[in-house]
**Q** 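Structure provided below as structure tokens; questions to follow.
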Amino acid sequence: MSASKKVVIIGQGYVGLNLAVYAARKNEVIGFDLNTELVADLNTGISHIEDVQDSELETLVSDSKYKATSEAEEISDADVYVIAVPTPLDANREPDLKYVESAAEIIAKNASKPALIINESTSYPGTLREIIKRKIEDISQIKHLYAASPERVDPGRKDFTQLNTPRLIGAIGDEALHQAKDFYSTFCNEIHLVSSPEVAEAAKLFENTFRQVNIALVNEFAQITNELRIPIREVLDAANTKPYGFMKFNPGPGVGGHCIPVDPSYLSFIAEKNGISARFIDLANKVNLEMPNYVLNRTENILGDLKGKKILIAGVSYKADIADVRETPAELIRNEALARGAEVFWFDPIVENWEPGKVLNLEKNSYDLVIFQTVHSTMNVEDIRNSAKFAFDCTGKVAGVESL
Ligand code: SAJ
């Protein structure tokens, strides 16, 4: 059983804080984040992510097992540094590694002794070796160890957590691999070692590219079956009776969240940088990004010209029972409906703030059309349905209305 380590986790978002509370069970953890308000909340036991309860955080803080800080001086003598920061796309939809590079710089400038440095942030193969390690060694003479272990946190999921989600680890050298395995074994039961960081980085990207491409395939299939007047969800359920060699995906209004619409572009970026075109990824991105437009074309078949019509979007987060609106298709649906001259409103019982046009109470026949973009388990679908003359369902959860 490995001894308790001093662990610094850079980034206390949905990945970093989730990791912190699990690592803190057997280690002393400092959560580093530049957001001082967030740090203050965390140190009073207030969690900003659904998977970490305030009570759990409060106990860890009061037992001095966890502490948040924005002070770089406080992270100087860690045994392990974990980078868990966002890896978004920039305005050209290319990888934006500014947060990863900033985290590497913070570690390089403050680590006072040799440590194990692990990257959990999703990025293209070579990021650990070519970006993180190189940046740290440009700044610091200390010889650190390096490993990659991509995050596999699925917000809101209860059946798979840090404990039982298999953890991929690839490292530069055997000692780094051994120490990373030791660290993750203090809270994870399923460790899968791979031969290099690049293998771990590539596996993560392929996991999510697999989803993006198959979601695009079923979205294109939905357009075909609609023209053939065949009920697609019945077709998919029928295909899903095949006990092997098939995995069901559902058509939707597009692909939201911080993973699936983003990660594949990290893979296509590195492919194209190496002279290989990632045609499946580019096509999948295109098909999924066009779905909001397709949804509105279908609503025009119901309403005719959308000009001047009142449209309600029911459910604006990117997937059911999650209040996250990042990259939500609802945004593209809203923009396209406005562009077609409609008046757009939205109703979502679990999303506090989004775009203008929030509706709190629903009255019968107040809208010309309601588009069910996301249906949360807490929604009263009938009340929402009755708030509009017509309805279009993107989710497969609303019976008796036009749907994808
Ligand atoms: N979507 C579809 N059809 C599908 C599945 C998803 O249109 O059949 C849409 C969703 O509505 C959403 C988007 O795609 O807008 C992404 O959905 P997702 O189920 O992939 O959920 P995410 O983005 O939360 O993905 C996370 C990922 N977890 C990690 O990266 C660690 C992903 O790898 C998981 O497989 C996924 O959760 C999951 O399975 O829940």
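Every heavy atom of this structure was used, including side-chain atoms; hydrogens, water molecules and symmetry mates were not. Both counts, for ligands and for their atoms, begin at 1 and track the order of listing.
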**Q** Can you figure out which of Lys319, Lys248, Arg211 has its heavy atom closest to atom 20 (O) of ligand 1?
**A**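 Among Lys319, Lys248, Arg211, the closest heavy atom to atom 20 (O) of ligand 1 belongs to Arg211.
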**Q** Salt bridge between Glu28 and Lys5, side-chain N to carboxylate O under 4.0 Å?
**A**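 Salt bridge absent between Glu28 and Lys5.
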**Q** List the closest protein heavy-atom neighbour of atom 28 (N) of ligand 1: residue, atom name, distance to the nearest 0.1 Å.
**A** Val153 O, 3.9 Å
**Q** Does any pair with a residue in residues 260-288 pass salt bridge (Lys or Arg N to Asp or Glu O under 4.0 Å), and if so which ones, sequence neighbours excluded?
**A**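 Output for this query lists Lys286-Glu290.
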**Q** Identify the protein heavy atom lying closest to atom 33 (O) of ligand 1, giving its residue, its atom name and the separation to 0.1 Å.
**A** Asn208 OD1, 2.6 Å
**Q** Considering only non-hydrogen protein atoms, determine which one is nearest to atom 10 (C) of ligand 1 and report residue, atom name and distance to 0.1 Å.
**A** Tyr318 O, 3.9 Å
**Q** Name the orientation class of the two ring planes belonging to Tyr22 and Phe187 (parallel below 30°, tilted from 30 to 60°, perpendicular beyond 60°).
**A**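 Ring orientation, 0 to 90° scale: tilted.
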**Q** Report yes if some heavy atom in the side chain of Phe160 is under 4.5 Å from a heavy atom in the side chain of Asp154; otherwise report no.
**A**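 No, every pair of side-chain atoms sits at 4.5 Å or beyond.
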**Q** Short list, please: which atoms of ligand 1 are under 4.0 Å from a heavy atom of Glu151?
**A** 31 (C)
**Q** Which protein heavy atom lies closest to atom 38 (C) of ligand 1, and at what distance to 0.1 Å?
**A** Asp154 OD2, 3.4 Å
**Q** Among Asn293, Thr299, Asp305, find the one that has a side-chain hydrogen bond (donor to acceptor under 3.5 Å, both in side chains) with Arg340.
**A**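 Output: one option passes, namely Asn293.
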**Q** So between Gly254, Gly257, Gly252, whose heavy atom ends up nearest atom 9 (C) of ligand 1?
**A** Gly254
**Q** Describe, in one word, how the ring planes of Tyr367 and Phe345 are oriented to each other, choosing from parallel (under 30°), tilted (30 to 60°) and perpendicular (over 60°).
**A**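 Ring orientation of Tyr367 relative to Phe345: tilted.
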**Q** From the options Asn214, Ile215, Ile260, Asp263, select the one whose nearest heavy atom is closest to atom 14 (O) of ligand 1.
**A** Ile215
**Q** Taking 4.0 angstrom as the limit and counting only heavy atoms of Arg152, give me the atoms of ligand 1 inside it, by number and element.
**A**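 Counting from 1, the qualifying ligand atoms are 31 (C).
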**Q** Check for me whether Arg157 has a heavy atom closer than 4.0 Å to any atom of ligand 1.
**A** yes
**Q** With under 30° as parallel and over 60° as perpendicular, where do the rings of Phe206 and Phe210 fit, or are they tilted in between?
**A**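 Judged by the thresholds at 30° and 60°, the geometry between Phe206 and Phe210 is tilted.
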**Q** Hey, are Glu120 and Arg167 close enough for a salt bridge, meaning a charged N less than 4.0 Å from a carboxylate O?
**A** yes
**Q** For atom 8 (O) of ligand 1, tell me which residue out of Val15, Val255, Asn250 has the closest non-hydrogen atom.
**A**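 Looking at heavy atoms only, the winner is Asn250.
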**Q** Tell me, please: is Glu327 in heavy-atom contact with ligand 1, that is, under 4.0 Å?
**A** no
**Q** Between the candidates Lys204, Gln212, Met247, which shows the shortest non-hydrogen contact distance to atom 30 (O) of ligand 1?
**A**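 That would be Lys204.
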**Q** Charged N to carboxylate O under 4.0 angstrom, Asp393 versus Arg385?
**A** no
